[in-house]
K.L.:
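I have a structure I would like to understand better, so I am pasting it below and will then ask my questions one at a time.
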Amino acid sequence: MVAPELLGPAAGRVPDVGRIAVLRANALGDFIFVLPALDALRAAYPEAEIVLLGAPWHAKLWRDRPGPVDRVLVVPPAPGIRHPEPGEPESTMDGFLATAREERFDLALQLHGGGANSNPFMAALGARVTAGLRAEDAPALDRWIRYVYYQYEVIRYLEVAALVGAPATTIVPALAVTGADHAEAAEVLGPARRPRVALHPGATDTRRRWPAERFAEVARELVGDGYEVLVTGTPAEREVVDRVVAAAGVPVRPQVGTLSLGGLAGCYAGCELVVSNDTGPLHLAAAVGTATVGIYWVGNLITVANPLRGRHRPISSWTVRCPVCGVDCTPGIYPHRPGDGECPHRDSFVGDVPVIEVVEAARELLHREPGAP
C-alpha cells in the first residue's frame, strides 16, 4: 500500500456514498492511467457501486472482467468528451443526462482532462459532490485540483481521488486477464513453439512513431535470438505493420485486427516482452504484467512512462524542435518562451532513438541476471 501522505493529505471521505460516477471516456492508454485511482475509490468506498462513464469499447472491456468498475454507462459523443466510434448508433446528451440524473450519484469524479467541457457535464449529473481537475479556463467543481500538463498521469488522477478521501493503494496500473482473454489469444495464435515477443509499431499520432524500418531491425535481432516475433496493430495501422514485416526479412507474424481488446490482453500476457511506441497497447502490456520497452518523446516520458525499472525500460527522444521546420514545439505549454509552439508537420519526433538502445534494453529484460526481478 502507498503511504497516503506521499500524495499529500486526503480530504474528508464523503458520508453515505452508494454510487460513484467516474468520467474517463477516451482512448485505451488514457484509461489505463486511471486504474490506480479507481482502485483507491474501491478501497475507500468498498460498498459503493462504481459506474464508469465511458465509450462503447469500455463496456465491452469490462463485461465479466474483475476489477474496480462495476458498470459502464456509455456517454454520447460530444466535443471535449469523446469521439464517435464507427457504426455507433446516435444518442443525445440531453437524454443521457436525464437518465444519469435518475441514478442519483453521490459522487461524480472528473478524471478526463482540464474540464472546459467536462466540468459542466459533471455538474449536470446532479451528484451530491463533484470533484476533478480544473484548467484555468474551466469552471470549478465542489472539490478540485489544478490541471498542470507536465505531471505523471497516474499521480494526477490519484490526487483527484484523494479529494474525496480515497488515498492511493498503488501507483501501478493493473488489469485482470480473464480466461476468455487467454482462450481467444490461444485460438488465434496457436501454441507457442518459442518464447514470444510482440512489437507494436503504430500510434495514432504519427509524431510518436519510431520508423518502421527500425522496428524491423529489432525483429531481426530478436528472431536471431530465438524468439517468435508478433507484430500487432489495429486495422488503421495495417500499412505500418506491413512495412515492418516486409523490411524484417525474417519470419514474423503480423496480427492486424485478429484480436479483440481482451484477446490482445491475453496475447501480451503470454509474451515475454512488448516493444512499442508510446500508445495504448504498450500501457496495456504493462498493466497485464508483461515487461516493456517503450519509445517516448521526452514530454510524454514525463506524463505517461511507467516509473518502474524492474520490468520496464522507457527510451526517450530528446527532440523538441520539429524535424521539418525547426519550430520549438514546447512553448504551447511554456508561453513565455520564444516560438509559437505549433506547426503543421506530423513527422516523427522519436527518430533519433538508435536501434541498439532498444535491442540492448530488450535483451536485458529478456535475459535477467540472477537476483533481478
Side-chain angles (χ1 to χ4, degrees), residues 10-27 30-31 33-85 88-134 138-145 157-166 175-176:
R13 196 166 299 177
V14 179
D16 303 319
V17 170
R19 186 167 292 138
I20 303 171
V22 177
L23 176 64
R24 187 64 170 173
N26 33 23
D30 299 310
F31 179 72
F33 306 139
V34 304
L35 288 171
L38 291 168
D39 288 333
L41 289 170
R42 170 56 66 224
Y45 299 96
E47 303 302 321
E49 182 186 32
I50 297 178
V51 181
L52 177 68
L53 309 183
W57 74 262
H58 292 100
K60 295 176 184 176
L61 179 68
W62 282 103
R63 189 176 299 130
D64 302 321
R65 186 175 304 275
V69 174
D70 295 305
R71 184 160 51 96
V72 175
L73 280 183
V74 175
V75 181
I81 304 296
R82 72 173 184 88
H83 299 294
E85 293 185 5
E88 182 179 347
E90 291 187 10
S91 56
T92 67
M93 185 60 73
D94 288 343
F96 173 84
L97 288 172
T99 299
R101 283 190 286 266
E102 293 177 0
E103 298 267 357
R104 298 187 180 277
F105 290 112
D106 298 294
L107 287 180
L109 273 69
Q110 189 271 95
L111 302 181
H112 195 69
N117 294 289
S118 51
N119 284 3
F121 169 83
M122 299 306 287
L125 293 174
R128 283 199 291 126
V129 177
T130 59
L133 299 158
R134 183 189 183 192
L141 298 170
D142 296 325
R143 303 179 185 184
W144 59 272
I145 190 168
Y157 305 117
L158 283 170
E159 286 198 285
V160 174
L163 294 176
V164 295
L175 185 74

K.L.:
For Phe31 and His58, take the angle between the two ring planes, folded into 0 to 90°, and tell me which bin it lands in: parallel under 30, tilted 30 to 60, perpendicular over 60.
P.N.:
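Taking His58 first and then Phe31, their aromatic rings stand perpendicular (interplane angle over 60°).
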K.L.:
With side chains defined as the heavy atoms from C-beta onward, is the minimum distance between Leu41 and Val22 less than 4.5 Å?
P.N.:
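Yes, at least one pair of side-chain atoms sits under 4.5 Å.
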K.L.:
With rounding to the nearest 0.5 angstrom, report the CG to OG1 distance, Leu125 to Thr99.
P.N.:
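If I round to the nearest 0.5 Å, the distance is 11.5 Å.
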K.L.:
How about His112 and Asn26: do any of their side-chain heavy atoms sit closer than 4.5 Å?
P.N.:
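Counting from C-beta outward, His112 and Asn26 do come under 4.5 Å.
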K.L.:
As an exercise, state the distance from CG of Leu52 to CG of Leu38, rounded to the nearest 0.5 Å.
P.N.:
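Separation between the atoms: 7.0 Å.
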K.L.:
Quick one: pull up OG1 in Thr130 and CZ in Arg143 and give me the separation to the nearest 0.5 Å.
P.N.:
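Nearest 0.5 Å value for the OG1-CZ distance: 9.5 Å.
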K.L.:
Which of these passes side-chain contact (heavy atoms from CB on, under 4.5 Å) with Pro84: Ser91, Pro77, Pro56?
P.N.:
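Output: one option passes, namely Pro77.
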K.L.:
With a 3.5 Å distance limit and no angle check, can you tell me whether Ser118 reaches the backbone of Gly114 through a side-chain donor-acceptor pair?
P.N.:
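Side chain of Ser118 to backbone of Gly114, a donor-acceptor pair under 3.5 Å: no, none is there.
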K.L.:
So, the side chain of Arg24 versus the backbone of Leu111: is there a donor-acceptor pair under 3.5 Å, distance only?
P.N.:
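Yes.
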K.L.:
Look up atom CG in Leu53 and atom CG in Leu23, then write down how far apart they are to the nearest 0.5 Å.
P.N.:
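The CG atom of Leu23 is 5.5 Å from CG of Leu53, to the nearest 0.5 Å.
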K.L.:
Show, in sequence, the C-alpha distance, side-chain angles and deciding distance for Leu97 and Phe121, and conclude whether the side chain to side chain contact (heavy atoms under 4.5 Å, CB included) test is met.
P.N.:
CA-CA 8 Å; Leu97 288 172; Phe121 169 83; 3.8 Å; yes
K.L.:
Does the pair Val17 and Val164 meet the rule for a side chain to side chain contact (heavy atoms under 4.5 Å, CB included), with working shown?
P.N.:
CA-CA 11 Å; Val17 170; Val164 295; over 6 Å; no
K.L.:
Between Gly80 and Asn117, what is the shortest heavy-atom contact and its length?
P.N.:
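Scanning both residues, the minimum pair turns out to be CA-ND2, 3.6 Å.
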K.L.:
Which heavy atom of Gly54 sits nearest a heavy atom of Val72, and at what distance?
P.N.:
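That would be N-CG1, 4.4 Å.
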K.L.:
Show me the pairs that pass side-chain hydrogen bond (donor to acceptor under 3.5 Å, both in side chains) and involve residues 33-47, at least two apart or across chains.
P.N.:
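For residues 33-47: Arg42-Asp70.
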K.L.:
Apply side chain to side chain contact (heavy atoms under 4.5 Å, CB included) to residues Ile20 and Leu109 and explain how you reach the verdict.
P.N.:
CA-CA 8 Å; Ile20 303 171; Leu109 273 69; 4.3 Å; yes
K.L.:
Sequence neighbours left out, what pairs pass salt bridge (charged side-chain N to carboxylate O under 4.0 Å, His left out) with at least one residue falling in residues 48-59?
P.N.:
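For residues 48-59, and leaving out neighbouring residues, the salt bridge (charged side-chain N to carboxylate O under 4.0 Å, His left out) pairs sorted by first residue read Arg19-Glu49, Glu49-Arg71.
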K.L.:
Closer than 4.0 angstrom, basic N to acidic O: yes or no for Arg82 and Glu88?
P.N.:
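Looking at Glu88 together with Arg82, the answer is yes, because their closest N to O distance falls below 4.0 Å.
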K.L.:
Between Leu73 and Phe96, is a side chain to side chain contact (heavy atoms under 4.5 Å, CB included) present by the stated rule, with each step listed?
P.N.:
CA-CA 9 Å; Leu73 280 183; Phe96 173 84; 4.1 Å; yes
K.L.:
Using side-chain heavy atoms (C-beta onward) and a distance below 4.5 Å, is Glu85 in contact with Val74?
P.N.:
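They are not in side-chain contact.
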K.L.:
Which atoms form the tightest heavy-atom contact between Leu163 and Gly132, and what is the distance?
P.N.:
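Shortest heavy-atom contact: CD1-O, 4.1 Å.
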K.L.:
What closest approach, in Å, do Ala140 and Trp144 show between heavy atoms, and which atom pair accounts for it?
P.N.:
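Looking at all heavy atoms of both residues, the closest pair is CB-NE1, 3.7 Å.
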K.L.:
Which atom pair, heavy atoms only, marks the closest approach of Ala161 to Ala40?
P.N.:
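Closest pair (atom of Ala161, atom of Ala40, distance): CB-CB, 4.3 Å.
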K.L.:
For the side chain of Arg101 and the backbone of Ala124, is there at least one donor-acceptor N/O pair under 3.5 Å apart?
P.N.:
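Looks like yes, one N/O pair under 3.5 Å.
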K.L.:
I need the minimum non-hydrogen distance between Gly165 and Arg13, along with the two atoms involved.
P.N.:
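Closest approach of Gly165 to Arg13: O-NE, 3.2 Å.
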K.L.:
Say you draw a straight line from CG of Leu133 to OH of Tyr157; how long is it, rounded to the nearest 0.5 Å?
P.N.:
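If I round to the nearest 0.5 Å, the distance is 6.5 Å.
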K.L.:
Are any side-chain N or O atoms of Gln110 and backbone N or O atoms of Gly113, one a donor and one an acceptor, separated by less than 3.5 Å?
P.N.:
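Pair found, side chain donor or acceptor close to backbone of Gly113.
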